[in-house]
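To keep things clear, I will list the structure first and then write my remarks on it.
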Protein chains: 2
Amino acid sequence: MAVSVRGGGTAAEAGTRAEAGAGAGQDAAMCPYRLVLEHVTSRWGVLVLIELLERSYRFAELRRAVGRVSEKGVSEKMLAQTLQTLERDGLVHRDAKPVIPPRVDYSLTGLGREAAEQVRALAEWTRQRMADVEQARQAYDEARAPGARAS
Amino acid sequence: MAVSVRGGGTAAEAGTRAEAGAGAGQDAAMCPYRLVLEHVTSRWGVLVLIELLERSYRFAELRRAVGRVSEKGVSEKMLAQTLQTLERDGLVHRDAKPVIPPRVDYSLTGLGREAAEQVRALAEWTRQRMADVEQARQAYDEARAPGARAS
DNA sequence: CAGCATCCCCGCAGATACTG
DNA sequence: CAGTATCTGCGGGGATGCTG
């Protein structure tokens, strides 16, 4: 099997591949920007962008960094997929050095940095407002708690 | 239905409120704010928040509004699920009027408005930068598939 | 009309094995 | 070390039907 990423498998799979990892594998019939938004807000996309905002990372290094915040880390496959999607969208720059052992550095492009900053802002807002959220949750849960109440 | 963050897809809005008595508390091992972030950045969460930023909506009305931007609309189930999650997180206010036929209005809370504004900013950034993204995509595609069959 | 319950299927995502 | 191809599962999420 050739090295071509999209060579193997069916034609349908080739199309799927590009969107995968970013959580947007459906119809392209929707507004195109929605797709990019899904890539950026995708599960691992968010974390990758935030991490890369600090500095550039190598593959395994990035994987560890993401795993640190997310408890159950990201698989190599999903990380690769996510990075490819973001790279294709022009948000992430991939610098593969032709050495042995291989060394690849990932960093943000100018475009990616803009996106990442938006994402980070959102993430930080969430962190700051966690107290309010948890309070709201308790109120919600208690309001509809079935048990706990003497019948 | 345990709150499985791990296997979950892009949206972590699953889980909802059934964890009250369940013994699934492992998700708490990761930074809790990550969960809220997933709710907010979830597929339909994003769209719902943005729509509600304009004005309050009724259920079916909101469903139509979301379907307008997303081409392939959201099912009632997913919309209800999303709204419940956001309501539990204290981002959305649900106003159920005890009339017949039932009328329920959804609107943003103060907290929700803050989140929604962040999300909208991100969405609008995406819209504005679409040209750059599409350009990057073409470059990426052409670089990796110059002519698969030319051998 | 709002929205929960049930069934079921597709596709995302994880694990594994292999390559350069 | 940095990926890639493949198999499989399992859960997200759509469709349908029922209730208040």
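Lettering of chains follows the sequences in order, A, B, ..., and the numbering in each one begins at 1. Here the structure is a predicted model, which is why all the values come from computation and not from measurement.
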By side-chain contact (heavy atoms from CB on, under 4.5 Å), which residues pair with A:Arg94, not counting sequence neighbours? A:Glu87, A:Ala96, A:Val104, A:Tyr106
Could you tabulate the donor-acceptor pairs under 3.5 Å formed by side-chain atoms of residues 112-122 of chain B, not counting sequence neighbours?
from: B:Glu114; atom 1: OE1; to: A:Trp125; atom 2: NE1; distance (Å): 2.6
from: B:Glu114; atom 1: OE1; to: A:Arg129; atom 2: NE; distance (Å): 3.1
from: B:Glu114; atom 1: OE1; to: A:Arg129; atom 2: NH2; distance (Å): 3.1
from: B:Glu114; atom 1: OE2; to: A:Arg129; atom 2: NH2; distance (Å): 2.7

I'd like to check the side-chain hydrogen bond (donor to acceptor under 3.5 Å, both in side chains) partners of A:Glu61; sequence neighbours left out, ordered by chain and number. A:Arg55
Residues in contact with DNA chain C, drawn from residues 94-107 of chain A - heavy-atom cutoff 4.0 Å: A:Pro102
Write down the distance between CD (B:Gln84) and C1' (C:dA2), rounded to a whole number of angstrom. 11 Å
Between atom CH2 in A:Trp44 and atom P in C:dA13, what is the gap in whole Å? 9 Å
Could you tell me how far apart B:Arg63 (CZ) and C:dA2 (P) are, to the nearest whole angstrom? 11 Å
Ignoring the backbone of A:Ala60, work out which of D:dT16, C:dT16, D:dA2 is nearest its side chain. D:dA2
Hey, is the side chain of A:Arg43 poking within less than 4.0 Å of OP1 or OP2 on D:dG12, counting only N and O atoms? no
Whole-Å distance between C:dG3 C1' and B:Leu79 CG? 10 Å
Rounding to the nearest 10°, end axes of the helix from C:dC1-D:dG20 to C:dG20-D:dC1 built from five pairs each make an angle of 50°
Identify, with sequence neighbours excluded, every residue that meets side-chain hydrogen bond (donor to acceptor under 3.5 Å, both in side chains) alongside A:Glu76. A:Arg63
Could you give the CE-to-C1' distance, from B:Met78 to D:dG11, as a whole number of Å? 11 Å
Please determine whether a side-chain nitrogen or oxygen atom of A:Arg58 lies at a distance below 4.0 Å from atom OP1 or OP2 of D:dA2. yes
side-chain contact (heavy atoms from CB on, under 4.5 Å) partners for B:Asp95, two or more places apart: B:His93, B:Lys97, B:Asp105
Interatomic distance where CD belongs to A:Glu61 and P belongs to D:dC1 [whole Å]: 11 Å
Rounded to whole Å, please give me the gap between NZ in A:Lys77 and C1' in C:dT16. 11 Å
Partners meeting salt bridge (Lys or Arg N to Asp or Glu O under 4.0 Å) with B:Arg58 (sequence neighbours left out): none
Between A:Gln81 and D:dT4, is there a contact of a side-chain N or O with OP1 or OP2 at under 4.0 Å? no
Sequence neighbours left out, what passes side-chain contact (heavy atoms from CB on, under 4.5 Å) with A:Gln135? Give chain and number order. none
Atom CZ of A:Arg127 with >12 non-hydrogen neighbours under 6.0 angstrom: no
Minimum heavy-atom separation for A:Thr82 to A:Trp44, with atom names? OG1-CB, 3.7 Å
Over how many whole Å does the gap from B:Phe59 atom CZ to C:dC1 atom C1' extend? 10 Å
